[in-house]
Amino acid sequence: MLDPRPGDGLLSSPVELPAGLAAVASQVFGQRLGLAERYAAILAGAGVQRGLIGPREAPRLWERHLLNCAVVGELLEPATRVLDVGSGAGLPGIVLAVARPDLEITLLEPLARRATFLDEVVGELGLSTVTVVRGRAEEQASRLRFPVVTARAVAPLDRLARWCLPLVETGGRLLALKGASAADELVEHAVEVTRLGGRDTSVVLCGSGIVERPTTVVSVVRGRTGKSGGRRPR
Ligand SMILES: C[S@@+](CC[C@H](N)C(=O)[O-])C[C@H]1O[C@@H](n2cnc3c(N)ncnc32)[C@H](O)[C@@H]1O
């Protein structure tokens, strides 16, 4: 267990890595496990204190948040540029940066309080591969374009596609971390996702055979949009 580090800018509260998850965490984070432990401690300390993480989440940070997000790295090619939309306290963006130092990650978050927290975490953990941008996804299309865009618990799939597909390079992918209802959501919003230029949609499980409950991800490839560029006809 880590000692709290008094004097740090970010309050940290040590989180016991449950014995049953130690081997999995070690497999997923490798030599960066210590960094993941420091991030877990920050989430349990400043994250909870500042209201970015519910207090009830603290005991299940590893299972529900860190491991659940880290296994999505399976879908990412080496050295990929990733935009994490609506990063909140850094999920999945910070976790991916910790587990995969080869990735170049941008965290997009509109709320000042959260963006400040993300900046502080990046500084505290020395994550030189991470950039924090404050803003709303739907206002970034002229500025940001990435081969992979991730989003977890940000919006229903139709709204997420409207906000995020314009931020994905043609041929790149939107990876939406969803719960058990992922397949239903995909069926419900299939027409809208296609109209917005989404192609080759699928539901993918990450972490099978590694974590107890694999992470469900909706993957949408950005195809070429038609003349309307995905806009509704007038
Ligand atoms: C429920 S939180 C999820 C945070 C984090 N992804 C997680 O899984 O814990 C939703 C986040 O999306 C952000 N958000 C809401 N609207 C957004 C928008 N239009 N563009 C980008 N982020 C947005 C919120 O500020 C918030 O941090």
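Both counts, for ligands and for their atoms, begin at 1 and track the order of listing. Nothing fancy with the numbering, it's 1 onward along the sequence.
Connection of Val28 to Leu125 is established within a shared hydrophobic cluster, with ILVMFWY side chains joined at heavy-atom distances below 4.5 Å, either directly or through further cluster members. Transitive grouping of hydrophobic side chains (ILVMFWY, heavy atoms separated by less than 4.5 Å) brings Val217 and Ile210 into a common cluster.
Residue Ala153 places a heavy atom under 4.0 Å from ligand 1.
The closest protein non-hydrogen atom to atom 26 (C) of ligand 1 is Arg114 NH1, 3.0 Å. Among protein heavy atoms, atom 19 (N) of ligand 1 sits closest to Glu138 OE1, 2.8 Å. Among all protein heavy atoms, the one lying closest to atom 7 (C) of ligand 1 is Arg152 NH1, 3.5 Å. Of all protein heavy atoms, the one lying nearest to atom 18 (C) of ligand 1 is Trp163 CZ3, 3.6 Å. The closest protein non-hydrogen atom to atom 20 (N) of ligand 1 is Ala137 N, 2.9 Å.
Using a 4.5 Å heavy-atom cutoff, the side chains of Glu185 and Pro156 are in contact.
Counting all heavy atoms, side chain and backbone alike, Ala40 lies closest to Leu61 at O-CD1, 3.5 Å. Shown here for Ala99 and Ala70, the closest heavy-atom pair between the two residues is CB-CB, 4.4 Å. In terms of heavy-atom proximity, Asp102 sits nearest to Ala79 at OD2-N, 2.8 Å.
Proximity to Leu111 (heavy-atom distance under 4.0 Å) selects the following atoms of ligand 1: 25 (O). Each of the atoms 13 (C), 24 (C), 25 (O), 26 (C), 27 (O) of ligand 1 lies under 4.0 Å from some heavy atom of Glu109. In summary, the atoms of ligand 1 found under 4.0 Å from a heavy atom of Arg136, numbered by their order in the structure, are 16 (N), 19 (N), 20 (N).
In this structure, Glu74 places its CD atom where more than 12 heavy-atom neighbours from other residues, nucleotides or ligands lie under 6.0 Å away.
Heavy-atom proximity to atom 5 (C) of ligand 1, evaluated over Thr150, Ile53, Leu43, Leu91, is greatest for Leu91. Counting only non-hydrogen atoms, the option in Cys164, Gly86, Ala115, Pro110 that gets closest to atom 4 (C) of ligand 1 is Gly86.
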